[in-house]
Amino acid sequence: MSNTQININLTFPKAGVVFVIKANEPSFEITVTDSSGKDQSLNDSPYLKDWAKGYARWLVRAKVKATTNENKITGTFFDDLSPEDTLNGVKDACDMIRQRFEHYPESVLK
């Protein structure tokens with residue numbers, strides 16, 4: 001049996017946020033910190049709050065069943081994925097975050 005464990009910090013300096021992604025198969029989790037590493041509630045920013053609900057639904061395309069609360073997005077990978085499938089799912093999840101947040105010209109935490 002394979003076990004995939006991935007920890008990634010996606011940093012977006014202009015947007016002032018870091019997405020902390022933990023994909024320790026079968027679990028998947030995303031939390032957000034500010035640039036200094038302080039945990040952020042998804043509800044503290046209208047940008048994050050709006051994004052999180054739709055993103056949690058979108059994650060099914062990355063082979064993750066997910067939900068969101070005020071502090072994080074959590075989910076589980078689909079059953080019977082190969083390590084390569086899990087890796088591709090994490091890549092897709094990261095790409096979608098990058099498409100949204102790398103273009104903000106200023107902090108989304110205001």
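This structure is a prediction, so every number in the text was calculated from the model and none was measured.
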Report the distance from atom [atom1] of [X] to atom [atom2] of [Y], rounding to the nearest 0.5 Å.
{"X": "Leu81", "Y": "Lys63", "atom1": "CG", "atom2": "NZ", "result": "7.0 Å"}
{"X": "Thr67", "Y": "Lys72", "atom1": "OG1", "atom2": "NZ", "result": "10.0 Å"}
{"X": "Thr74", "Y": "Lys22", "atom1": "OG1", "atom2": "NZ", "result": "12.5 Å"}
{"X": "Trp58", "Y": "Arg100", "atom1": "CH2", "atom2": "CZ", "result": "13.0 Å"}

Distance-minimising heavy-atom pair for [X] and [Y]:
{"X": "Ala56", "Y": "Ala66", "answer": "O-CB, 3.7 Å"}
{"X": "Ala15", "Y": "Tyr104", "answer": "CB-CB, 3.9 Å"}
{"X": "Ala62", "Y": "Ala93", "answer": "CB-N, 4.3 Å"}
{"X": "Gly16", "Y": "Leu109", "answer": "O-CD1, 3.3 Å"}

* To do: For the residue pair Trp51 and Phe101, categorise the inter-ring angle as parallel (less than 30°), tilted (30 to 60°) or perpendicular (more than 60°).
  => perpendicular
Joint cluster assignment, [X] & [Y], ILVMFWY side-chain distance < 4.5 Å:
{"X": "Val60", "Y": "Ile73", "result": "yes"}
{"X": "Phe78", "Y": "Val64", "result": "yes"}
{"X": "Met96", "Y": "Val18", "result": "no"}
{"X": "Val20", "Y": "Tyr55", "result": "no"}

Looking at side-chain heavy atoms only, is the closest gap between [X] and [Y] below 4.5 Å?
{"X": "Ile30", "Y": "Ile97", "value": "yes"}
{"X": "Ile21", "Y": "Ile6", "value": "no"}
{"X": "Leu10", "Y": "Arg98", "value": "yes"}

Sequence neighbours excluded and cut-off under 3.5 Å, please list the side-chain donor-acceptor pairs for residues 38-45, or say none.
{"unit_1": "Gln40", "atom_1": "NE2", "unit_2": "Lys38", "atom_2": "O", "d": "3.3"}
{"unit_1": "Ser41", "atom_1": "OG", "unit_2": "Asn43", "atom_2": "N", "d": "3.1"}
{"unit_1": "Ser41", "atom_1": "OG", "unit_2": "Glu70", "atom_2": "O", "d": "2.9"}
{"unit_1": "Ser45", "atom_1": "OG", "unit_2": "Tyr47", "atom_2": "N", "d": "3.2"}
{"unit_1": "Ser45", "atom_1": "OG", "unit_2": "Leu48", "atom_2": "N", "d": "3.2"}
{"unit_1": "Ser45", "atom_1": "OG", "unit_2": "Val108", "atom_2": "O", "d": "2.4"}

* To do: Check step by step if side-chain hydrogen bond (donor to acceptor under 3.5 Å, both in side chains) holds for Ser36 and Asp34.
  => CA-CA 5 Å; Ser36 70; Asp34 64 15; 2.7 Å; yes
* So, does Ser27 use its side chain to make a donor-acceptor pair with the main chain of Ala23 at under 3.5 Å? -> no
* To do: Please determine which of Thr86, Asp85, Thr76 meets the side chain to side chain contact (heavy atoms under 4.5 Å, CB included) test together with Glu25.
  => Thr86
